[in-house]
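Values below: every heavy atom of this structure, side chains too, minus hydrogens, waters and symmetry copies.
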Amino acid sequence: MATTSTSLVYNLHNNNSSFNKANKFLCSPKLLKSTKFISFPFPHQISQPINTCITLTRYRASQVLIICNAAKFDEVAVEEDVDKIRRLQNGSDVRGVALEGEKGRTVDLTPPAVEAIVESFGEWVMDGLNKERGAPVETAKVSLGRDPRISGALLSAAVFSGLRRAGCVPFDMGLATTPACFMSTLLSPFNYDASIMMTASHLPYTRNGLKFFTAKGGLRSTEVEEICDRAARKYANRMGKVWSGFEAVVPARVDFMSTYAKHLRDIIKERVNHPQHYDTPLEGFKIIVNAGNGSGGFFTYDVLDKLGADTFGSLNLEPDGMFPNHIPNPEDKVAMSLTGNSVLENSADLGIVFDTDVDRSGVVDDTGNAINGDRLIALMSSIILQEHPGTTIVTDARTSMALTRFITTRGGRHCLYRVGYRNVIDKGIQLNKDGVDTHLMMETTGHGALKENYFLDDGAYMVVKIIIEMVRMKKLGGSNDGIGSLIKDLEDPGDSVELRMNIVSEPKYAKEKGALVIETFKQYIEEGRLEGWELDSCGDCWVSEGCLVDSNDEPFAIDAHMYRAKVSDKEHGQHGWVHIRQSIHNPNIALNFQSSVPGGCQSMTRVLLEKFLLANELTKILDISQVDRYAKN
């Protein structure tokens with residue numbers, strides 16, 4: 001007989017009950033409102049009298065779902081299918097494996113999972129509208145956009161079914177970008193009540209996910225957690241009843257991307273305000289776009305070309321959900337190198353690299369140099385500080401000490417905060433509410449949001465800002481310098497590296513174990529066990545304890561544990577820092593090191609390996625092979 005961790009035993013072939021042709025286990029009493037869920041291998045036995053059970057369903061070849069009266073089974077574990085939905089939450093997004101093909105990963109973002117999550121989002125939207133308007137609403141209009149992933153068509157059908165179940169009216173935007181989905185809630189005549197973007201950003205073609213928006217912005221992690229909790233109950237209940245497929249829904253198809261592209265064109269025309277050719281302010285400029293076969297090709301033919309730019313030599317504009325050429329990611333060295341080569345070959349003024357869903361971007365200057373990470377933040381800071389002298393700029397806590405000097409020497413104030421683009425944006429929003437003028441929020445990954453653009457991380461809008469500055473410099477200002485000249489005095493760090501440690505655990509326990517490791521790291525430093533290491537409240541940040549302790553009156557929820565330590569030694573003084581954090585996308589821990597001393601990162605890694613990881617026997621729950629190789633190289 002198969003065994004499980006529970007002691008419940010009852011013969012499923014008891015003469016008082018049986019499976020019918022539909023694989024429904026026939027028993028009574030009626031389903032009660034308060035229920036909990038658990039599954040057992042089939043065949044199995046249960047020790048409780050049959051009249052305490054409500055429904056048993058053979059929903060897989062080897063398992064039975066038992067829905068029990070919660071009053072009878074207070075200690076019954078939450079069924080695996082409930083946990084599965086909750087594990088799909090990744091901070092403020094939902095992400096999972098949608099297709100077979102990843103070693104060690106099974107498909108978990110299935111059509112029934114998507115349907116349950118989206119139905120719950122639709123209900124959440126309706127509840128919000130009811131509260132906002134002070135009266136029940138009949139329906140809500142919700143748009144869906146998606147990137148070109150090959151799982152998109154099937155999962156879109158599940159989205160439309162979920163929205164219909166929630167009483168919403170769905171609208172299909174087709175191939176779109178994440179920022180466009182948000183803007184569909186604001187721009188007339190669309191003005192949708194909410195929007196969903198289906199994407200997994202730069203992750204492999206096997207992945208997919210969901211991002212949620214209302215006119216107030218992207219949802220926070222606590223709101224997505226609420227939605228996933230609600231969806232988990234729906235999902236478990238439906239799987240318990242044998243999910244029979246979703247309702248076929250044919251949504252209205254809308255062309256929002258043309259409206260969004262016009263919106264971007266109008267911004268460029270109005271702000272350049274060219275005295276000779278207002279409608280074609282990019283005449284005479286050569287601009288290369290690398291869309292990475294994602295959703296960003298529109299920016300070439302529907303924005304730049306129509307403004308007079310020469311875009312010959314652009315790369316990977318055709319949408320291809322297999323992403324055959326390189327990872328669509330402005331952090332990817334191949335993407336940046338290919339773009340730089342095309343800039344040089346075509347004597348272009350600028351190169352642009354988008355990620356899959358265009359909420360991030362990076363650029364290449366006219367000399368072929370990549371501008372991403374700290375360099376991109378510095379470039380945007382230079383532009384924004386000209387427009388808003390003295391403003392605060394929020395970044396994640398992985399940025400360099402050199403970037404802080406770059407910002408402060410230009411009169412700006414640098415607030416380092418928690419890693420995670422939503423964390424960085426929310427901090428900027430909070431500072432503005434508190435009366436602290438904050439116009440730019442950026443992560444080293446290329447997520448960048450501006451106060452003037454609804455605090456939206458929009459890779460296309462950020463590029464628009466850079467293009468406007470380029471035109472002002474070259475055509476209106478008469479300068480021969482490219483945009484790279486704006487960051488010529490930014491110092492590069494002497495040494496930097498990012499390493500990963502996989503958490504050796506079942507997925508449902510990975511987050512808990514990761515948090516334990518990181519809190520142990522904090523305790524170790526506080527106790528002075530790593531000589532010369534000190535918890536860094538924010539580096540040179542003027543906002544007290546911004547990246548360690550939330551100083552807001554109402555602290556934001558912690559989506560992942562993280563700390564930063566500054567490192568000093570007798571020879572060099574303070575020369576670097578270490579940042580340790582949980583990944584919200586994968587079961588691992590990320591380590592970022594930076595030092596002004598060549599070889600400093602390897603030295604810090606050795607200390608971490610020998611005096612923390614090995615000393616605490618953390619190899620039992622962490623795969624430290626990457627750390628070990630780097631330390632001993």
Q) For the ring pair F121 and F212, is the centre-to-centre distance below 6.0 Å? A) yes

Q. Is the closest basic N to carboxylate O distance between D229 and R233 below 4.0 Å?
A. no

(Q) Run the side chain to side chain donor-acceptor pair (under 3.5 Å) test against H579 and tell me which residues pass, sequence neighbours left out. (A) none

Q) Does R410 pair with D489 as a salt bridge, N-O distance under 4.0 Å? A) yes

Q | Test salt bridge (Lys or Arg N to Asp or Glu O under 4.0 Å) applied to E102 - qualifying residues, sequence neighbours left out | A | R207

Q: Please name all residues satisfying ring-ring contact (aromatic ring centres under 6.0 Å, His included) with Y421, sequence neighbours left out, ordered by chain then number.
A: H447

Q) Mind checking whether W533 and F521 have parallel, tilted or perpendicular rings, split at 30° and 60°? A) perpendicular

Q.
Check R220 with E223, please: is the shortest side-chain N to carboxylate O separation under 4.0 Å?
A. no

(Q) Is a donor from one side chain sitting under 3.5 angstrom from an acceptor on the other, for D374 and S400? (A) yes

Q: Using side chain to side chain donor-acceptor pair (under 3.5 Å) as the criterion, list what pairs up with D623, not counting sequence neighbours.
A: S625

Q | side chain to side chain donor-acceptor pair (under 3.5 Å) partners for D108, two or more places apart | A | none

Q) With sequence neighbours left out, what residues match R375 under salt bridge (Lys or Arg N to Asp or Glu O under 4.0 Å)? A) none

(Q) Salt bridge check, R422 against E443: does any charged N sit closer than 4.0 Å to a carboxylate O? (A) no

Q: Sorted by first residue and then second, give each side-chain hydrogen bond (donor to acceptor under 3.5 Å, both in side chains) pair with at least one member in residues 588-600; sequence neighbours left out.
A: E498-N592, R500-N588, H575-S595

Q: Not counting sequence neighbours, which residues clear salt bridge (Lys or Arg N to Asp or Glu O under 4.0 Å) with K570? List them please.
A: none

Q. Do NZ/NE/NH1/NH2 and the carboxylate oxygens of K465 and E387 come within less than 4.0 Å?
A. yes

Q) Taking atom types as modelled, is there a side-chain donor on H326 or N290 under 3.5 Å from an acceptor on the other? A) yes

Q: Could you name each residue pair satisfying salt bridge (Lys or Arg N to Asp or Glu O under 4.0 Å) that touches residues 360-370, not counting sequence neighbours?
A: E331-R360, D355-R360, D366-K474

Q.
Test: ring pair (Phe, Tyr, Trp, His ring centres under 6.0 Å). Region: residues 614-633. Which pairs qualify, not counting sequence neighbours?
A. none

Q) Is there any salt bridge (Lys or Arg N to Asp or Glu O under 4.0 Å) pair reaching into residues 586-607, and which pairs are they, with sequence neighbours excluded? A) none

(Q) List the residues meeting side chain to side chain donor-acceptor pair (under 3.5 Å) with T395, not counting sequence neighbours, and say none if there are none. (A) T399, H414

Q) Is it the case that N423 and D396 place a side-chain donor and acceptor less than 3.5 Å from each other? A) no

Q | Residues D359 and K211 bridged, charged N to O under 4.0 Å | A | yes

